[in-house]
There are 4 protein chains.
Amino acid sequence: MPTTRIQKRRRILAAAREVCSEKGFEATRMDEIASRAGVSKGTLYNFFPSKEDLFVDTVLSSYQDFDGLLPAVEDASAEPVRRIEALAESLAGGFDQISQQIQLAHQAWSVVLRSPGARDRLFGTLREIYAGYTEGLADILRAGIASGDFRTDLDVEVVTATWIATFDGLLYRAGFDDPAKIQLCSADGVRTCLGWILEGITAVSEATPTDTHAVTPPPLSVPLEEPPT
Amino acid sequence: MPTTRIQKRRRILAAAREVCSEKGFEATRMDEIASRAGVSKGTLYNFFPSKEDLFVDTVLSSYQDFDGLLPAVEDASAEPVRRIEALAESLAGGFDQISQQIQLAHQAWSVVLRSPGARDRLFGTLREIYAGYTEGLADILRAGIASGDFRTDLDVEVVTATWIATFDGLLYRAGFDDPAKIQLCSADGVRTCLGWILEGITAVSEATPTDTHAVTPPPLSVPLEEPPT
Amino acid sequence: MPTTRIQKRRRILAAAREVCSEKGFEATRMDEIASRAGVSKGTLYNFFPSKEDLFVDTVLSSYQDFDGLLPAVEDASAEPVRRIEALAESLAGGFDQISQQIQLAHQAWSVVLRSPGARDRLFGTLREIYAGYTEGLADILRAGIASGDFRTDLDVEVVTATWIATFDGLLYRAGFDDPAKIQLCSADGVRTCLGWILEGITAVSEATPTDTHAVTPPPLSVPLEEPPT
Amino acid sequence: MPTTRIQKRRRILAAAREVCSEKGFEATRMDEIASRAGVSKGTLYNFFPSKEDLFVDTVLSSYQDFDGLLPAVEDASAEPVRRIEALAESLAGGFDQISQQIQLAHQAWSVVLRSPGARDRLFGTLREIYAGYTEGLADILRAGIASGDFRTDLDVEVVTATWIATFDGLLYRAGFDDPAKIQLCSADGVRTCLGWILEGITAVSEATPTDTHAVTPPPLSVPLEEPPT
DNA sequence: GATGAATGAGACTTCATTCAT
DNA sequence: AATGAATGAAGTCTCATTCAT
């Protein structure tokens, strides 16, 4: 019964994710994964050749949870501004969940240092994921530039890298900083920071601002019209 | 001879940093740290109560290397634009070095999950470091806003958080992505991305640009066409 | 096969008893117990959580060897004098064997000082054993008093405590003293000393002495005139 | 200053006795003995060649505390009954103190198993002590027999061994049994049990018993005249 | 395929002892 | 003679992995 086997595999990965998130990879015992998955230790080794392999698959499986995170991005018919806003909202909405699972990713770094095989498999997948993410975001940007919604002078690559880096950086910081004090290390922080970047991306509305500038000397309003870019 | 003792401590920490960076915390053996530091294993335990404590101190000591990284920030008499450019350059210049040592930090996450004491000590110090960094950057921003060099509508907190997150995010990604393909995961990438953010911070030059905007439809895009990248 | 497991446990305890008796608890290495028991070191820890726990069980198991030592005591139908003589003979007969194993017990004292858990388990069992022993002896004494074989003025508790203490004291002394010089530190010594106590217990033969006593007024003092000897 | 040296040695032994009684020999660290004695670890080794030697001396020194315990025994001019009563009272009065220090002695057994030198030194001294004790008690007994205070049919050796064994046995049992339940494991227990033995030693009051014996042929007295020994 | 008892290499840590100062 | 930092041998215990059932 193939279903059983696949389900069993899933149960094992879920158990591994749970325990590793709680205790850390090194402190996690194969025994505990086995018992929490409801299988024997021997069965673990029927599915994964070693603890490290199991861990890499565990980390990778946790990334798959975010596959559905970027659906808005893919609706190419929607307005670019809506699409990118939807993306930002998805990221913000998933922040807390991702934040938890990023712990797993951190631990992968140790594992990777001692297993080149694990390194290649993990990093390869991460690169694919980031490439897809980058490409999706770039698509939106290009669409927006083409439609005139976004500034025409944007370097798509730079904006994309900055956007992704900002999200990752907030995630990273949320790992140790106190959201009560550093309030931007949070889902709302993601909304705010990505929102600010978004302002820098968006084209200034045609007429009006220009007029304003023409009319009023007050440089004060100028900065507002020139978004953060 | 107190010097000897301090120097010995330093040698141990340096050895630990070396080995842990190479092999990872878990794969590192106390024996190897001892022999590479030129002391006996017992001496290790005269200085650090446990492997974990030694590791936390190792990570923290690696952060101290970057204390000198922000000197430009502190020269309050310099022009805000120069100060923030100097900061960006410092970060970019230190990127490769920091990138290596961030491996240590990643490994700390595993350790932290199983030792509340280590967690408090490490996280506490990280928070202080980030607080200082944040405050230094915010000072520059406030000075620039006051001097009219930066836009007056900036939310200092947001800009600071975004700036820091961008740097951290690039650092994080450089851990696994290939700079040959994703060229922004590099010191130059830091320059480019932070530079782009900087553009969004900087006030539009007084009259002229505004005029340009007022008159010619396209020129407007000119400054914009020279994107931060 | 449950038998196997129990047998393995027995083999381990036997090996532990052997080695600990030879070298002492502290000088005994888990490796040696394991190899002498024909199992791996890991298996040792599958059966006993720690070296100390193994030791406590080893000591306790050695006490079980003496369970069969007091059968005569339990044949309540036998004559009290025979029963108590049988008991004395059992103790004397077991002296040399017990004497060896008392070494184990001595060592328990060190262990007990640093492990309250071990203390409770070991002392608890010892108390039970002594309580059973005490009760068995007291039963005989009471039966003998009732039957007129023993003196009626005996304080059962005192006689019991003295009897047991005498045996333990001889055992203790045999640990360091030389039976060649102090000949009573031996199985025969047990026979002699317990025999002497027995004389003090036994009622003087029927008539005659009573008569003697009859001459002197206070019959009350009679028992006192016939000392424990 | 020789005084200083002797005092220092005493301080070390006192510290060792303290710590070993609390934690047990194995759990006792040379560091702690040194610091509690107010000397450096190196100094310890100026006085005692090894931890084991220090321990043996510690145990032996604790026995010296009881040298003054048997003064009454030595006043050969006093009445035998008074002398033996004084001895019993001394032992009872010292019970609690001896009881504590017996812990030290128990631990010596482990040490002795791995160090023949320690064994010889410790056991040799113990034998001397017991020999002196035995001789002192035997003296009293002989004096009492000679004076008619004690029964003439006593086997001095048996009585002495029983007396000593009883005391040691109670001491041993007090190590693990609960005086609240087994009330004879106590100073009073010593009084009671030795008191009972004393009754068996004491000659029946002058005239009457003697008369009795005189009157009644031999048989009756035979068993009595043939003491348990 | 599943199980889980057995394995044993190997790690951290301790601590008696030394010896330069 | 005193000190106490340094030493390093050695021990307990862990746990990933195996394999007979």
Side-chain angles (χ1 to χ4, degrees), chain A residues 1 4-5 8 25-35 37-55, chain B residues 1-2 4-5 8-9 12 26-35 37-55, chain C residues 1-2 4-5 8-9 12 26-35 37-55, chain D residues 1 4-5 8 25-35 37-55:
Chain A
M1 213 183 300
T4 300
R5 193 163 169 81
K8 202 176 275 184
F25 169 71
E26 294 292 346
T28 292
R29 307 297 159 223
M30 292 299 264
D31 286 87
E32 182 157 7
I33 296 175
S35 75
V39 300
S40 78
K41 221 182 340 178
T43 300
L44 247 47
Y45 284 86
N46 279 339
F47 285 84
F48 305 94
S50 76
K51 189 190 179 191
E52 286 171 12
D53 287 274
L54 167 55
F55 182 62
Chain B
M1 213 183 300
T4 300
R5 198 160 168 81
K8 198 174 282 185
R9 192 189 138 94
I12 293 173
E26 295 292 345
T28 292
R29 306 299 157 217
M30 292 301 263
D31 286 87
E32 181 156 8
I33 296 176
S35 73
V39 300
S40 75
K41 215 181 339 178
T43 300
L44 246 48
Y45 285 88
N46 281 342
F47 283 81
F48 305 93
S50 73
K51 191 189 178 191
E52 286 178 8
D53 286 272
L54 169 53
F55 182 64
Chain C
M1 214 182 301
T4 299
R5 199 160 168 81
K8 199 175 280 182
R9 192 187 138 95
I12 294 173
E26 294 292 343
T28 292
R29 305 303 157 213
M30 291 302 263
D31 286 271
E32 182 157 6
I33 296 176
S35 74
V39 300
S40 76
K41 213 183 339 178
T43 298
L44 245 49
Y45 285 88
N46 280 342
F47 283 83
F48 305 94
S50 74
K51 190 188 179 191
E52 286 177 7
D53 285 273
L54 168 54
F55 182 64
Chain D
M1 211 182 302
T4 299
R5 194 163 167 79
K8 201 176 279 185
F25 170 71
E26 295 292 344
T28 292
R29 308 298 157 222
M30 292 300 265
D31 287 86
E32 183 157 6
I33 296 175
S35 74
V39 301
S40 76
K41 220 182 338 178
T43 300
L44 247 49
Y45 285 85
N46 279 339
F47 285 83
F48 305 94
S50 76
K51 191 190 177 192
E52 285 172 11
D53 286 275
L54 168 54
F55 182 64

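The sequence lines fix the lettering, A, B, ..., with proteins before strands; numbering per chain opens at 1. Just so you know, these numbers come straight off a predicted model, no measurement behind them.
Across all strands shown, the partner of F:dA9 is E:dT14, judged by Watson-Crick or G-U wobble contacts whose two distances both fall under 3.5 Å. The partner of E:dA20 is F:dT3, by the rule that a Watson-Crick or G-U pair needs both atom distances under 3.5 Å.
Summarising the geometry, the separation between CG on B:N46 and P on E:dT14 is reported as 11 Å, rounded to the nearest angstrom. Atom CD of D:E32 is separated from atom P of F:dG4 by 16 Å (rounded to the nearest Å). Distance A:Y45 OH to E:dT7 C1': 13 Å, rounded to the nearest Å. Remark: P of E:dG4 and CD1 of A:I33 are 17 Å apart, rounded to the nearest angstrom. For C:E52 and F:dG11, the CD to C1' distance is 13 Å, given to the nearest whole Å. The distance from atom CZ of C:R9 to atom P of E:dA5 is 15 Å, rounded to the nearest whole Å. One can place CG of D:L44 at 13 Å from P of E:dT18, the figure rounded to the nearest angstrom. For the pair B:E26 CD and F:dA16 C1', the interatomic distance rounds to 14 Å; values are reported in whole Å.
Taking both residues in full, the closest heavy atoms of A:M30 and A:L44 are given as O-CD2, 3.5 Å, listed atom of the first, atom of the second, then distance. For the residue pair D:E26 and D:K51, the shortest heavy atom distance occurs at O-NZ, 3.7 Å.
Considering only side-chain atoms of C:S40, the nucleotide from E:dG8, E:dA16, F:dG8 that sits closest is E:dG8. Considering only side-chain atoms of A:M30, the nucleotide from E:dA6, E:dT13, F:dT17 that sits closest is F:dT17. Among F:dA6, F:dT17, F:dA1, the nucleotide with an atom closest to any side-chain atom of B:F47 is F:dA6. Taking every side-chain heavy atom of C:K51 into account, F:dC13 is the closest of F:dC13, E:dC12, E:dA2.
Checking the phosphate oxygens (OP1, OP2) of E:dA6, a side-chain nitrogen or oxygen of C:K8 falls inside 4.0 Å. Of the side-chain N and O atoms in D:R29, one or more sit less than 4.0 angstrom from OP1 or OP2 of E:dA16.
Here the CG-CZ distance, from C:D53 to C:F47, works out to 14.5 Å after rounding to the nearest 0.5 Å.
A:T28 comes within 4.0 angstrom of the backbone, heavy atoms only, and of no base.
At a threshold of 4.5 Å between non-hydrogen side-chain atoms, the residues C:I12 and C:F48 count as touching.
Where B:T43 and C:K41 meet DNA chain F, the nucleotide closest to each residue was compared, and B:T43 sits on the side nearer the 5' end. Heavy-atom distances to DNA chain F give each of A:F25 and C:D31 a nearest nucleotide, and the one nearer the 5′ end belongs to C:D31. Along DNA chain E, the nucleotide closest to C:V39 and the one closest to B:G42 are compared, and the more 5′ of them pairs with C:V39.
Side-chain N or O atoms of C:K8 include none that pairs as donor or acceptor with a backbone N or O of C:A37 at under 3.5 Å.
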